[in-house]
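Let me give you the structure first, and then I'll get to my questions.
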Amino acid sequence: MAPAPILIDGESLGLEQFDAVARRGVSCTLAPPARAQIVAGQGAVQHAVEVGDAVYGVNTGFGDLAGVRIADDRLSQLQRRLLLSHASGLGEPLDDEAVRGMLLLRANTLSRGYSGVRAQVVEALLALLDAGVLPLVPSRGSVGASGDLAPLAHLALPLIGCGEVRIDGRSAPAAEGLRRAGIRPLALGPKEGLALINGTQAMTSLLALSCLDARRLVRIADLAAALSTDALRGTDTAFDPRLHALRAHPGQRVSAANLWSLMRGSAIRESHRAGDVRVQDPYSVRCAPQVHGAVRDVLADVETKVAVEMNAVTDNPLVFPGDGAGGGEILSGGNFHGQPMAFAADFLAIALAELASISERRIEKLTNTAFSGLPPFLMRDAGLDSGFMMAQVTAAALVSENKVACHPASIDSIPTSADKEDHVSMGMGAALKLRTVVANVRWVLAIELVAAAQGIDLLRPLRSSERLEEAHRLIRERIAFREEDREMAADLKRGIALLDELDPVLDTLD
């Protein structure tokens, strides 16, 4: 049975609902109270046009052309030409889940009623989403100042019958997409083009997807660290909850509890408890809760900011309807500026990169016989076989790439629009870099899991804990023990795919 549609009201959207729509294709419908809000906001715009007030973006030009007054009989042309001119993006298109997220977020913010559009515009966005008709949105072209202007213009183009869409993974003209969605091209009313493109929905969609990925990555990192610790015959003393109760960072305590519980009952651990000369492990093992936990705390803070932004009104100007018919005020401001999301994306990228950085150090310890006591590079016939030598090098390369990607975009700015937009956020750039970091972290953690599983096998007949043995079993179902060298990349690719199949163990972790 299909899940119930998610009600869009501009106020209650969360990451769980975002995930359901962007990644699982759950449909959406406009909530009745939101429809009333939209009608009131559109009425205020119409009233301003009728009384002849000069209102930015309604009957004036845009940006540095704000002083140019547009005649009433050309207002629809103004909005249409705005979309056409601002659809100036280049580069590879955003993936389908990012575009689905953009459609959802744009419909959600417009449903608040402060943007002055008709309900028909919001319903058209939801119709595209429900029909799986996804506008082709180039990834480059936004500086995150007046929102993500270029990406959102491409998102809106199909509504007026222009641009391209993706249907079932193939490109098609907008006209075909509109037919599939059961809607006709819109003749835009006053302010509607501007309302469609002014906002932070491209960067926020990408950031929300990264948050969802990061929720899983922090648990995978704990699992990988526990498996590596046991393979290295490390001590679990550093994960004792009594230690972490004395430092009340919530993320640290969660990660420590995960590591402590994952290693409970390990025969490998018990085998070296008596007479263990290694009183303290390297920081990459001993301090895993502190590092992983700090990442969790940054993620929690970023998720709070994303939750605010997903339900925020971020276009300009904003419409505040009056109490009676018509009237109200239309106020110009700067809610479109992407600085909050730019900071959040940069901070999360920096935090997640540390998961890969500390993971790579554990991979190095696993392959370094001088430390691990395991065969060199985790191979019994080392010399003839090189084993995991280059897998560790690949992890090192990814970690170094992350260091470059973690240079903050949010501290950059470049003036645009004849210096009217003289300070910009670079939020889209920050969000795109973050997606690169997320992918690299996944790959490094996959390498660690595959290497740690090899280490566990080399300690047989000793067995690890029940849950770590379950993780080992899942790995071995996809990737055989390496008796001799074979194509490493094939195993690592299977390891990356395996990250989506670890739920039997990950579901037991916080």
Salt bridge flag under 4.0 Å for residues Asp503 and Arg216:
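Salt bridge present between Asp503 and Arg216.
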(Q) Keeping Arg106 on the side-chain end and Ala195 on the backbone end, is there a donor-acceptor pair under 3.5 Å? (A)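 Yes; judged by distance alone, with no hydrogens or angles, the pair exists.
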Query raised in the report: Ion pair present between Asp96 and Arg100, side-chain N to carboxylate O less than 4.0 angstrom?
Result: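 A salt bridge is absent here (no side-chain N lies under 4.0 Å from a carboxylate O).
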May I ask you to say whether Arg467 pairs ionically with Glu470, meaning some side-chain N is under 4.0 Å from a carboxylate O? no
Leu434 versus Leu352: any side-chain heavy-atom pair under 4.5 Å?
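Side chain of Leu434 against side chain of Leu352, heavy atoms only: contact under 4.5 Å found.
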| said: Check this for me: does any side-chain nitrogen of one of Arg253 and Asp297 sit under 4.0 Å from a carboxylate oxygen of the other? | reply: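 No, this pair does not count.
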For Val313, does its backbone N or O pair with a side-chain atom of Asn335 as donor and acceptor, under 3.5 Å? yes
**Q.** N-O pairing of Asp213 and Arg23 below 4.0 Å
**A.** yes
*Polar side-chain atom of Asn311 near backbone of Ser12 as donor-acceptor pair, under 3.5 Å*: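 Indeed, once roles are kept as given, a pair shorter than 3.5 Å links the two residues.
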So which heavy atom on Ser372 is nearest to which on Leu366, and how close?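 Taking every non-hydrogen atom into account, OG-O, 3.7 Å.
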Any carboxylate oxygen within less than 4.0 angstrom of a Lys/Arg side-chain nitrogen, looking at Arg215 and Glu16?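 Yes.
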Given the options Arg486, Arg476, Arg478, Asp491 meets salt bridge (Lys or Arg N to Asp or Glu O under 4.0 Å) only with Arg486
If you round to the nearest 0.5 Å, how far is NE2 of His272 from CG of Leu232?
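The CG atom of Leu232 sits 9.5 Å away from the NE2 atom of His272.
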message = Using modelled atom types and a 3.5 Å cut-off, is there a donor and acceptor pairing between side-chain atoms of Ser139 and backbone atoms of Glu92?
response = yes
Could you go through the side-chain contact (heavy atoms from CB on, under 4.5 Å) check for Leu458 and Phe481 one step at a time?
CA-CA 9 Å; Leu458 292 169; Phe481 174 75; 3.9 Å; yes
Inset, instruction - To the nearest 0.5 Å, tell me how far Cys28 SG sits from Leu104 CG. - result: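 It is 5.0 Å, given to the nearest 0.5 Å.
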**Item:** Distance-only side-chain donor-acceptor flag, Glu309 / Thr200, under 3.5 Å
**Value:**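 Yes, a side-chain donor-acceptor pair sits under 3.5 Å.
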Within the structure provided, determine whether Thr394 and Trp443 are in side-chain contact (heavy-atom separation under 4.5 Å).
no
Got a list of side-chain donor-acceptor pairs under 3.5 Å for residues 337-351, not counting sequence neighbours?
{"unit_1": "His337", "atom_1": "ND1", "unit_2": "Gln339", "atom_2": "N", "d": "3.3"}
{"unit_1": "His337", "atom_1": "NE2", "unit_2": "His423", "atom_2": "O", "d": "3.1"}
{"unit_1": "His337", "atom_1": "NE2", "unit_2": "His423", "atom_2": "ND1", "d": "3.3"}
{"unit_1": "Gln339", "atom_1": "NE2", "unit_2": "Ser410", "atom_2": "O", "d": "3.2"}
{"unit_1": "Asp346", "atom_1": "OD1", "unit_2": "Ala409", "atom_2": "N", "d": "3.3"}
{"unit_1": "Asp346", "atom_1": "OD2", "unit_2": "Ala409", "atom_2": "N", "d": "3.0"}
{"unit_1": "Asp346", "atom_1": "OD2", "unit_2": "Ser410", "atom_2": "N", "d": "2.7"}
{"unit_1": "Asp346", "atom_1": "OD2", "unit_2": "Ser410", "atom_2": "OG", "d": "2.6"}

In Leu262, Ile475, Val505, the residue satisfying side chain to side chain contact (heavy atoms under 4.5 Å, CB included) with Leu227 is Ile475
Worksheet item: Is any NZ, NE, NH1 or NH2 atom of the basic residue among Asp500 and Arg442 found under 4.0 Å from an Asp or Glu carboxylate oxygen of the other?
Response: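 Salt bridge flag = yes for Arg442 with Asp500.
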(message) Quick one, Asn198 with Asp315, criterion side-chain hydrogen bond (donor to acceptor under 3.5 Å, both in side chains). Give me CA distance, side-chain angles, the key distance, then yes/no.
(response) CA-CA 4 Å; Asn198 236 187; Asp315 62 288; over 6 Å; no
Do the side-chain N and O atoms of Ser266 and Asp230 include a donor-acceptor pair separated by under 3.5 angstrom? yes
Between Gly387 and Asp485 the two heavy atoms that sit nearest each other are N-OD1, 3.0 Å
| request: Give, for atom CD1 of Ile268 and atom CG of Leu468, the distance between the pair rounded to the nearest 0.5 Å. | output: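 One finds 8.5 Å between CD1 of Ile268 and CG of Leu468.
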Smallest separation among heavy atoms of Asn402 and Val441, with atom names: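 Looking at all heavy atoms of both residues, the shortest contact is ND2-CG2, 3.9 Å.
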Checklist line | Lys365 side chain reached by Glu360 side chain, heavy atoms, under 4.5 Å | finding: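 Heavy-atom side-chain distance check fails, nothing below 4.5 Å.
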Test item: Lys433 side-chain N/O and His407 main-chain N/O as donor-acceptor pair under 3.5 Å
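Confirmed, Lys433 side chain pairs with His407 backbone.
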Please check if atom CD in Glu501 has more than 12 non-hydrogen atoms from other residues, nucleotides or ligands closer than 6.0 Å.
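It does: Glu501 CD has more than 12 such atoms within range.
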Query raised in the report: To the nearest 0.5 Å, how far apart are CD1 in Ile456 and CG in Leu462?
Result: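 Reported value, rounded in 0.5 Å steps: 9.5 Å.
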_Using only atom types and a distance under 3.5 Å, with no angle test, would you say the side chain of Ser111 pairs donor to acceptor with the backbone of Gly10?_
yes
- Message: Using the rule given for side-chain contact (heavy atoms from CB on, under 4.5 Å), can you reason through Ile220 versus Leu449, listing the C-alpha separation, both sets of side-chain angles and the distance that settles it, and then say yes or no?
- Response: CA-CA 9 Å; Ile220 292 172; Leu449 283 169; 4.1 Å; yes
Exercise for review: Applying side chain to side chain contact (heavy atoms under 4.5 Å, CB included) between Leu128 and each of Leu159, Leu134, Val165, report the one that passes.
Suggested key: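 The passing option is Leu159.
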*asked:* If you apply the rule side-chain contact (heavy atoms from CB on, under 4.5 Å), what do you find for Val399 with Asn440, and how did you get there?
replied: CA-CA 8 Å; Val399 166; Asn440 288 349; over 6 Å; no
| request: Answer yes if the side chains of Thr235 and Arg286 hold a donor-acceptor pair under 3.5 Å, and no otherwise. | output: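 Arg286 and Thr235 do not have a side-chain donor-acceptor pair below 3.5 Å.
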Worksheet item: Hey, is the main chain of Ile363 close enough, under 3.5 Å, to the side chain of Thr367 for a donor-acceptor pair?
Response: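 Checking the backbone N and O of Ile363 against the side chain of Thr367, a donor-acceptor pair under 3.5 Å is found.
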- Query: Would a distance-only check, ignoring hydrogens and angles, find a side-chain to backbone donor-acceptor pair under 3.5 Å from His244 to Ala238?
  - Reply: yes
Please check: side-chain N/O of Thr369 versus main-chain N/O of Leu374, any donor-acceptor pairing under 3.5 Å?
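Yes, because the side chain of Thr369 sits within donor-acceptor range (under 3.5 Å) of the backbone of Leu374.
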**Study point:** Point-to-point distance, once rounded to the nearest 0.5 Å, from CD of Glu401 to OG1 of Thr436
**Key:**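 Rounded to the nearest 0.5 Å, the CD-OG1 separation comes to 6.5 Å.
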Rounded to the nearest 0.5 angstrom, the CD-CZ distance for Glu448 and Phe388 is 12.0 Å
Original post:
Do the charged groups of Arg166 and Glu97 touch, with an N to O distance under 4.0 Å?
Top reply: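 Answer for the salt bridge query: no.
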Next item on the list: Measure the shortest side-chain to side-chain distance between Phe18 and Leu212 over non-hydrogen atoms and say whether it is less than 4.5 angstrom.
Entry: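 Yes, their side chains come closer than 4.5 Å.
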Sidechain-backbone polar pair: Arg219 side chain, Leu506 backbone, donor-acceptor under 3.5 Å:
yes
Student check: side-chain heavy atoms of Val99 and Asp95 closer than 4.5 Å: no
Any Pro135 side-chain heavy atom under 4.5 Å of Pro158 side chain:
yes
Between Thr109 and Gln201, do the side chains contain a donor N or O and an acceptor N or O under 3.5 Å apart?
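The answer is no; no qualifying pair exists.
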